[in-house]
Amino acid sequence: MTTLKALQAYSSALLAEECLAGTFHYDLVTGELQWSEEIYLIHGYRRGEVVPTVDLLMSHKHPEDRDRCRENFEVCRGAGFFASYHRLIDARRRERRVLTAGEAVPDDSGRPLFIDGFVLDLTKTLQLETDRTAREAIAGAIGTRGLIEQAKGILMGILHIGSNAAFERLSAYSQHHNIKIAHAAAAIVRLANDTQESATLDGVIHTLDGIFAAHQTD
């Protein structure tokens with residue numbers, strides 16, 4: 001199973017009842033972009049109202065997240081996998097928080113032909129779950145499994161790892177700093193929800209990954 005399919009399967013199983021999830025296909029040769037019905041809805045449209053294009057897609061990214069999204073897309077266009085947690089503004093001017101992941105599929109010579117991917121609208125899940133549990137966990141309460149699962153999902157998307165590997169990194173980090181796993185998870189979810197803290201989130205996750213690697217060599 002590819003990284004993209006593993007992340008999509010995990011995310012769908014975790015969030016199927018709480019969010020919209022759709023798929024897209026981008027032909028790198030013709031430039032044609034295809035959306036599933038769900039992605040039209042995530043962007044505030046219905047099929048037939050607009051023709052999906054990369055320019056239209058980028059125009060809906062939040063201005064503060066647009067450059068990062070474009071950079072991630074260009075990386076994938078050159079062959080590879082990308083995952084991005086960011087905001088978009090739909091056609092009704094509503095802000096949504098989404099996880100977008102894609103993977104370039106090459107021909108026999110290794111030249112990328114198209115990008116397949118999916119988009120998860122996490123807005124409702126984060127409103128219902130994160131706002132409630134993150135505040136409790138940060139205040140010192142024991143985090144719920146749902147909070148830990150959200151932190152694992154963020155680690156999976158950024159580090160391109162599986163569910164077990166994400167939990168092992170949380171566990172190593174909590175042992176290293178002598179804190180509960182739920183508190184470490186709460187910090188990651190809180191940073192992911194604060195658009196001003198993207199650099200801090202990247203630093204924490206790479207520190208966490210480094211701690212795990214060091215434990216493996218002990």
Side-chain angles (χ1 to χ4, degrees), residues 2-8 10-11 19 21-36 39 42-44 50-91 94-107 110-123 126 150-162 165-166 169 188-210:
T2 66
T3 304
L4 176 67
K5 290 186 180 298
L7 180 57
Q8 184 175 19
Y10 173 83
S11 301
C19 69
T23 59
F24 65 86
H25 177 89
Y26 179 56
D27 191 314
L28 291 167
V29 178
T30 66
E32 181 183 7
L33 177 62
Q34 299 176 3
W35 284 351
S36 69
I39 296 188
I42 289 172
H43 287 82
V50 294
V51 176
T53 65
V54 173
D55 287 342
L56 176 66
L57 178 69
M58 291 300 166
S59 73
H60 279 285
K61 305 303 183 187
H62 191 284
E64 295 178 4
D65 298 341
R66 190 173 296 143
D67 288 345
R68 176 166 56 88
C69 291
R70 191 178 295 277
E71 289 172 4
N72 287 335
F73 187 75
E74 290 302 322
V75 168
C76 187
R77 186 198 294 266
F81 168 86
F82 81 93
S84 174
Y85 175 75
H86 57 272
R87 296 165 295 172
L88 65 80
I89 308 299
D90 72 13
R94 296 172 300 186
E95 182 178 301
R96 295 179 182 267
R97 295 174 182 268
V98 300
L99 173 66
T100 300
E103 189 168 29
V105 179
D107 60 18
R111 182 174 66 94
L113 289 178
F114 58 86
I115 297 173
D116 275 340
F118 68 93
V119 179
L120 294 171
D121 182 357
L122 301 171
T123 308
L126 292 172
Q150 288 182 48
K152 283 168 57 180
I154 293 167
L155 293 177
M156 290 170 66
I158 294 178
L159 295 176
H160 308 163
I161 57 178
R169 282 158 174 76
I188 290 173
V189 172
R190 179 181 61 80
L191 290 172
N193 279 316
D194 189 341
T195 58
Q196 304 301 316
E197 296 285 3
S198 58
T200 304
L201 174 63
D202 288 342
V204 168
I205 289 179
H206 284 94
T207 297
L208 179 151
D209 197 38

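Fair warning: this is a prediction, and the values are worked out from it, not measured in the lab.
- Side-chain contact between L122 and Q150 is absent, with no heavy-atom pair separated by less than 4.5 Å.
- For the 3.5 Å distance criterion, the side chains of H43 and D90 fail to qualify, holding no donor opposite an acceptor.
- Taking the side chain as every heavy atom from C-beta outward, Y85 and L120 never approach each other to under 4.5 Å.
- No side-chain heavy atom of N72 sits less than 4.5 Å from a side-chain heavy atom of T100.
- A distance of 9.0 Å separates OG1 of T53 from OH of Y26, quoted to the nearest 0.5 Å.
- In terms of the side-chain hydrogen bond (donor to acceptor under 3.5 Å, both in side chains) criterion, residue partners of H86 (sequence neighbours excluded) are, by chain and number, K61, S84.
- With hydrogens and angles left out, the side-chain atoms of D121 and T123 include a donor and acceptor closer than 3.5 Å.
- With sequence neighbours left out, H206 forms a side-chain hydrogen bond (donor to acceptor under 3.5 Å, both in side chains) with no residue at all.
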Report the C-alpha distance between R68 and D65 in whole Å, list the side-chain angles of each, state the deciding distance to 0.1 Å, and finish with yes or no for salt bridge (Lys or Arg N to Asp or Glu O under 4.0 Å). CA-CA 6 Å; R68 176 166 56 88; D65 298 341; 3.6 Å; yes
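- Across every non-hydrogen atom of S36 and G22, the tightest pair is OG-CA, 3.3 Å.
- Taken from CG in L113 to CG in D27, the straight-line distance is 8.0 Å, to the nearest 0.5 Å.
- Annotation: side chain of P63 is in contact with side chain of R66 (closest heavy-atom distance under 4.5 Å).
- Note that the CZ atom of R169 and the CD1 atom of I205 stand 11.0 Å from one another [nearest 0.5 Å].
- Taking each heavy atom of L155 and I161 in turn, the nearest pair found is O-CG1, 4.0 Å.
- Residues I154 and A192 come closest through the heavy atom pair CD1-CB, 3.5 Å.
- For T200, the side chain to side chain contact (heavy atoms under 4.5 Å, CB included) test picks out L191, E197, V204, with sequence neighbours left out.
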query: Could you walk me through whether R97 and N193 pass the side-chain contact (heavy atoms from CB on, under 4.5 Å) check?
result: CA-CA 9 Å; R97 295 174 182 268; N193 279 316; 4.3 Å; yes
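- Nearest heavy atom pair, residue A166 against residue M156, reads CB-CG, 4.0 Å.
- Side-chain contact between I188 and L208: present, with at least one pair of heavy atoms (C-beta onward) separated by less than 4.5 Å.
- A distance-only check finds a donor-acceptor pair linking the side chain of H60 to the backbone of I89 [under 3.5 Å].
- Taken to the nearest 0.5 Å, the CZ atom of F118 stands 10.0 Å off from the CD1 atom of I39.
- Residues I42 and W35 fail the side-chain proximity criterion, which asks for heavy atoms closer than 4.5 Å.
- Here the options are V98, T23, L57, the test is side-chain contact (heavy atoms from CB on, under 4.5 Å), and the partner is V119; only V98 passes.
- Summarising the geometry, atom CG belonging to L33 is positioned 13.5 Å from atom CZ belonging to F114; distances are rounded to the nearest 0.5 Å.
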